[in-house]
Amino acid sequence: MPETGATLVDPIRFRQLMARWATGVSVVTTRHDARDRGLTVNAFLSVTLTPPRILVSINTDADALPALRASGAFAVSILSATQRALSQRFAGRVTPEEKFAGVDLHRGRTGAALLDGAIATLECRLVQEIPAGDHALVLGEVVSTEEGPDSPPLLFFRSGYAEAEPDELLRLPRGRDPR
Ligand SMILES: Cc1cc2nc3c(=O)[nH]c(=O)nc-3n(C[C@H](O)[C@H](O)[C@H](O)COP(=O)(O)O)c2cc1C
């Protein structure tokens with residue numbers, strides 16, 4: 001095995017390969033000193049059920065990261081297929097004020113912005129931050145959840161969004177109630 005960093009996999013090819021991993025799209029938000037911050041995130045996963053913990057991977061350059069650390073809390077809004085424009089907006093290199101201008105939102109327990117129309121929202125307290133090169137792996141414990149409309153999710157694949165009528169295209173499962 002080559003040592004870390006001595007891998008022969010070209011970064012561009014790696015990126016293209018990983019783009020074949022289809023994901024949902026979320027907006028991670030936090031609020032500190034009465035100011036909202038947020039960014040689009042697809043590096044999101046559940047880690048443990050008990051306690052309920054999730055992980056997001058956030059670029060260390062991200063504007064939201066210092067505020068997230070300072071507030072010790074954040075929220076994840078899972079976007080619906082109709083929220084592509086919000087995904088683009090929160091991925092833009094614009095000021096936090098421009099990101100949030102005119103966005104319909106409400107607030108839950110942590111004070112972080114929860115985007116209206118999201119198919120689900122989770123609010124978390126920051127448990128641990130694990131440094132990972134130019135990203136921070138942010139582990140959060142879920143303290144509150146909301147189920148949004150039963151709409152199809154926004155999906156990201158090969159660096160693009162799935163079309164707006166995924167019901168037919170993807171034959172989305174209806175889901176089942178957990179035990
Ligand atoms: C679909 C999609 C998924 C993204 N996922 C992540 C992610 O998981 N982590 C991350 O740090 N940035 C991710 N980004 C990029 C950030 O949203 C983007 O860099 C944003 O500009 C950061 O906000 P800032 O410029 O205000 O710091 C993603 C962008 C898109 C379009």
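Just follow the structure's listing: the first ligand is 1, and inside any ligand the first atom is 1.
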Close-contact set for ligand 1 against [X] heavy atoms, below 4.0 Å:
X	value
Ala62	27 (O)
Asn59	10 (C), 11 (O)
Phe156	1 (C)
Ile58	11 (O)
Phe90	17 (O), 20 (C)

Could you see if Leu79 belongs to whatever hydrophobic cluster contains Val142? Use Ile, Leu, Val, Met, Phe, Trp, Tyr and a side-chain cutoff under 4.5 Å.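 No; tracing contacts between hydrophobic side chains, which count when under 4.5 Å, never links both residues.
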Quick one: do the Thr30 and Ser71 side chains pair a donor with an acceptor below 3.5 Å?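 There is such a pair between these side chains.
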Report the part of [X] (side chain from C-beta onward, or backbone N, CA, C, O) that has a heavy atom under 4.0 Å from ligand 1; answer both or neither where that applies.
X	result
Phe44	neither
Lys99	side chain
Ala64	neither

Carboxylate-amine/guanidinium contact Glu141 Arg53, below 4.0 Å: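 Answer for the salt bridge query: yes.
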Salt-bridged, Glu98 to Arg89, with N to O below 4.0 Å?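 Salt bridge between Glu98 and Arg89, a charged N being under 4.0 Å from a carboxylate O: no.
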Side chains of [X] and [Y]: closer than 4.5 Å at any heavy-atom pair?
X	Y	result
Phe100	Leu105	yes
Arg31	Arg37	no
Ile54	Phe74	yes
Arg84	Val25	no

Among Ser26, Ala43, Ser57, which one puts a heavy atom closest to atom 10 (C) of ligand 1?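 Answer by nearest heavy atom: Ser57.
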Below 3.5 Å, N or O to N or O, backbone or side chain included: is there any such pair between [X] and ligand 1?
X	result
Thr40	yes
Asp63	yes
Ser87	no

Protein contact of atom 18 (C) of ligand 1 - nearest heavy atom, named by residue and atom, plus distance: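 Nearest protein contact, heavy atoms only, for atom 18 (C) of ligand 1 is Ala91 O, 3.6 Å.
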Looking only at protein heavy atoms, which one is nearest to atom 25 (O) of ligand 1, and what is the separation?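 Checked against all protein heavy atoms, atom 25 (O) of ligand 1 sits closest to Arg93 NH1, 3.4 Å.
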Calculate, to the nearest 0.5 Å, the distance between atoms CG and CG belonging to Leu68 and Leu39 respectively.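 Here the rounded value is 9.0 Å.
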